[in-house]
Amino acid sequence: MERREAIKKLQELVGQELHELASEYGVTIYRNDKVNKGWAGHVFERHLGLPLNSAQCPNFGSWELKSIPLKFKKSGELAFKETMAITMIDSVNVCQKEFEDSHLLAKLKKAVIVARTVGSHVDQPSYIHSVTGIELSEELYEAVKADYNFVRNTLLDPKKGFNALTGKMGFYIQPRTKGQGHGSTSRAFYARPRFLACFINLSVSPQAG
DNA sequence: CTATGATCATCC
DNA sequence: GGATGATCATAG
């Protein structure tokens, strides 16, 4: 399936309620009393008829699927609720590869982002807001590259290294813990709301109309 | 257990 | 409200 084809398919979902889609595709939202935090993404993958897997390489060949939650501020405006996980940070890999060969850039260039509105709780209905692809402008490219190199330099620094990475780093892209249980041993690249705002127009809301 | 999916809980 | 670290489901 081509990226453009996938975007088209996903855009058919705009305005639909995610919980309904989840039950339709048999995606787990609740397991006992716990929430499956990746359910939203699974729903979209199911919609495209894709299998769930955890490979770091793009599942769909030429592109990557991502989803991001949006929330309504008191003013009624829409805002990003969370940062978006991009890809795992492999210390060795990052140290060896320049930005242009990195997983980070590869993922960003192939990403297809599904924005969806959420309430104050998981039980609140969630509607698909929009579907969009990432297009890095020169400015953005340089900015992201700077963040990547910042992480890279930290890893290369004998006095710092992998454990020195924290979510405080990075302007557009931040390194952050991501793993099971306390004391996560792994880190991943996350896109800050600031970065996402460059691609997603929050002033356009299907609901507010 | 680790990697990927993305959100929850908590601190400021 | 925004940012940072922790957490849960699924697949191998």
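Here is the naming used below: chain letters follow the sequence lines, and residue numbers restart at 1 for every chain.
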Using heavy atoms to find the nearest nucleotide of DNA chain C for A:Val35 and A:Phe80 separately, return the residue whose nucleotide is more 5′. A:Phe80
Hey, does A:Ile29 reach any base, or is it just sugar-phosphate, or nothing, if we go heavy atoms under 4.0 Å? nothing
Rounded to whole Å, how long is the line connecting atom CZ of A:Arg187 with atom P of B:dT2? 14 Å
When you check the phosphate oxygens OP1 and OP2 of C:dG2, does a side-chain N or O of A:Arg192 lie under 4.0 Å from one of them? no
What is the distance, rounded to the nearest whole Å, between atom OH of A:Tyr190 and atom C1' of B:dC8? 11 Å
Any base atoms under 4.0 Å from A:Gly38, or only sugar-phosphate, or nothing? Heavy atoms, all strands. base
Identify whether the distance between the nearest side-chain nitrogen and carboxylate oxygen of A:Arg152 and A:Glu98 falls below 4.0 Å. yes
Examine A:Arg187 relative to A:Phe162 and say whether NZ or CZ is less than 6.0 Å from the centre of the six-membered ring and inside a 45° cone about the ring axis. yes
Between B:dG5 (C1') and A:Ile113 (CD1): distance, integer Å: 15 Å
Could you give the NE2-to-P distance, from A:His19 to B:dT7, as a whole number of Å? 11 Å
Does B:dC8 have its OP1 or OP2 closer than 4.0 Å to a side-chain nitrogen or oxygen of A:Lys71? no
Check the phosphate of B:dT7 against A:Arg116, side-chain N and O only, distance under 4.0 Å to OP1 or OP2. Yes or no? yes
Would you indicate, yes or no, if B:dA6 has its OP1 or OP2 atom less than 4.0 angstrom from a side-chain nitrogen or oxygen of A:Thr83? no
Atom pair distance, as rounded to whole Å: CD1 in A:Ile89 and C1' in C:dT4: 14 Å
Are there more than 12 heavy atoms of other residues, nucleotides or ligands under 6.0 Å from atom CD of A:Glu2? no
State whether A:Gln174 places a side-chain N or O below 4.0 Å from either non-bridging phosphate oxygen (OP1 or OP2) of C:dA3. no
May I ask you to decide if A:His19's main-chain N or O and A:Glu17's side chain share a donor-acceptor pair within less than 3.5 Å? yes
How many whole angstroms separate atom CZ of A:Arg176 from atom P of C:dG2? 15 Å
Side chain of A:Pro193 only, please: which of C:dT10, C:dA3, B:dA6 is the nearest? C:dA3
Rounding to a whole Å, what distance do you find between A:Tyr172:OH and C:dA3:P? 13 Å
When you get a sec, tell me which of B:dG5, B:dT7, C:dA6 is the closest nucleotide to the side chain of A:Ser67? B:dT7
Does A:Thr117 reach the main-chain N or O of A:Leu70 with its side chain, forming a donor-acceptor pair under 3.5 Å? no
Is any side-chain N or O of A:Thr28 closer than 4.0 Å to OP1 or OP2 of C:dA9? no
Which atoms form the tightest heavy-atom contact between A:Met169 and A:Pro175, and what is the distance? O-CD, 3.6 Å
I want to verify a distance call: between C:dT4, C:dA9, B:dA3, whose nearest atom is closest to the A:Ser186 side chain? B:dA3
Whole angstroms only, please: what is the NE2-C1' distance between A:His47 and B:dG5? 18 Å
N/O (side chain, A:Lys178) to phosphate O (OP1/OP2, C:dA6) under 4.0 Å: no
